[in-house]
Amino acid sequence: MSLTTEILYGKPVSLQLRQELKNEISNLSNLGIIPGLAVVLVGEDAASQVYVRSKSRAFKKMACFSETFNLPENTSETELCLLIDELNASSKFHGILVQLPLPAHLDSKKITRRILSRKDVDGFHPLNVGLLLEGQPQFISCTPHGILKLMAYYGIKTNGKHAVIVGRSNIVGKPMFALLAEKMEYGNSTVTICHTGTVDLSRYTSMADILIVASGMPGLITGNMISEGVHIIDVGINRIKDNSEKGYRLVGDVDYESILGIAGSITPVPGGVGPLTITMLLYNTVLAAKNIRP
Ligand code: NAD
């Protein structure tokens with residue numbers, strides 16, 4: 001017998017979180033503090049340009065300040081580091097984000113480390129990664145943090161469950177592992193992390209109570225790889241060329257049609273995890289602004 005798969009939209013979760021943030025932003029504003037974010041974009045990557053525009057729109061809507069620094073593709077490491085040093089020293093910016101991926105000649109790890117850890121609102125600096133692993137996070141990477149908020153909103157319990165993560169990136173997979181394994185209300189799961197070295201992926205995905213997929217491989221997870229009732233978080237955002245006006249459509253890493261009627265719930269792409277990532281960036285920037293309050 002097939003069940004009804006619940007669709008876990010990100011928008012209501014995001015709206016609720018933004019409402020809570022509005023109060024914090026207004027308290028800061030009363031003290032003369034406007035949370036400010038510097039976004040650094042190097043080169044012409046089309047998807048990155050879309051993300052950066054959405055981020056700056058969201059900041060404007062929430063009465064926060066953001067400024068985008070567009071640098072040419074051939075920017076040298078020294079030039080980029082000089083800009084980061086200036087942004088580190090500026091009191092206008094509480095958060096700094098360097099949009100990834102960077103052009104191949106730039107070392108993203110080195111650049112990430114250049115940002116002051118107290119302005120690292122992406123949560124990628126080694127100090128912030130270490131604090132997360134220690135169970136004392138300061139800035140949590142936005143996408144995994146948003147996923148926890150989404151599961152909390154929809155009442156998806158993680159305590160004692162088997163969570164399977166597909167993908168071991170520093171941005172999603174690894175921080176997601178750290179959060180879900182932590183002894184806390186929306187953690188305390190038994191966590192399996194799968195990647196390109198995993199032999200027989202479906203052996204693990206079929207044992208999941210919660211399946212988080214961040215592989216960048218459209219349609220990687222199909223209905224025959226999951227168990228009935230599993231909660232699926234589809235993080236993937238993949239552009240598939242088509243004949244539409246835009247010339248492409250967005251799909252996730254999960255073959256949506258084949259899991260309907262088997263999974264207990266799934267986040268759609270677009271409209272699932274995506275809206276939360278930007279909201280958690282706002283959240284981290286507000287946190288950074290609160291931290292400098294005298
Ligand atoms: P990535 O692209 O850096 O790496 C992909 C990971 O998936 C690797 O760890 C790899 O080992 C694993 N993988 C790839 N193919 C696999 C396979 N066949 N079997 C098992 N594992 C496999 O990862 P990322 O930066 O986390 O991005 C993943 C996807 O999530 C991309 O589509 C990206 O656009 C999307 N993403 C979305 C958001 C959002 O806000 N919704 C945020 C970040 C990333």
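Order of appearance sets the numbers: ligands from 1, and atoms from 1 within every ligand.
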Counting non-hydrogen protein atoms only, what is the nearest one to [atom]? Give residue, atom name and distance.
atom                    : answer
atom 12 (C) of ligand 1 : Gly167 CA, 3.8 Å
atom 34 (O) of ligand 1 : Ile237 O, 3.4 Å
atom 42 (C) of ligand 1 : Thr143 OG1, 3.2 Å
atom 21 (N) of ligand 1 : His195 C, 3.1 Å
atom 31 (C) of ligand 1 : Gly216 CA, 3.7 Å
atom 35 (C) of ligand 1 : Val235 O, 3.5 Å
atom 23 (O) of ligand 1 : Ser169 CB, 3.4 Å
atom 27 (O) of ligand 1 : Ala214 O, 4.5 Å

If we only count N/O pairs under 3.5 Å, is [X] in contact with ligand 1?
X      : result
Val172 : no
Arg168 : yes
Thr277 : yes

Would you please say whether a donor-acceptor pair under 3.5 Å links the side chains of Thr279 and Ser14? yes

Side chain [X], main chain [Y], donor-acceptor under 3.5 Å:
X      : Y      : result
Asn188 : Lys183 : no
His162 : Met207 : yes
Ser202 : Met225 : no
Ser29  : Ile25  : no

Contact bool for atom 7 (O) of ligand 1 (protein heavy atom, d < 4.0 Å):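 Yes; the ligand atom in question has protein heavy-atom contact below 4.0 Å.
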
[X] neighbourhood, listing ligand 1 atoms whose heavy-atom distance to it stays under 4.0 Å:
X      : answer
Thr196 : 10 (C), 11 (O), 13 (N), 14 (C), 15 (N), 16 (C), 20 (C), 21 (N), 22 (C)
Val166 : 20 (C), 21 (N)
Asn238 : 32 (O)
Leu220 : 17 (C), 18 (N)

Is there a side chain to side chain contact (heavy atoms under 4.5 Å, CB included) between Asp122 and Asp120 once you walk through the steps? CA-CA 5 Å; Asp122 254 340; Asp120 167 42; 4.1 Å; yes

After noting the C-alpha distance and the side-chain angles of Leu8 and Ile156, does the key distance pass the side chain to side chain contact (heavy atoms under 4.5 Å, CB included) rule? CA-CA 10 Å; Leu8 309 170; Ile156 297 171; 3.7 Å; yes

Is the distance between the ring centroids of Tyr283 and His145 less than 6.0 Å? yes

How many angstroms lie between atom CG of Leu287 and atom CG of Leu282, to the nearest 0.5 angstrom? 12.5 Å

If you group Ile, Leu, Val, Met, Phe, Trp and Tyr by side-chain heavy-atom gaps below 4.5 Å, do Tyr51 and Leu71 land in one group?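 Not linked; separate clusters.
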
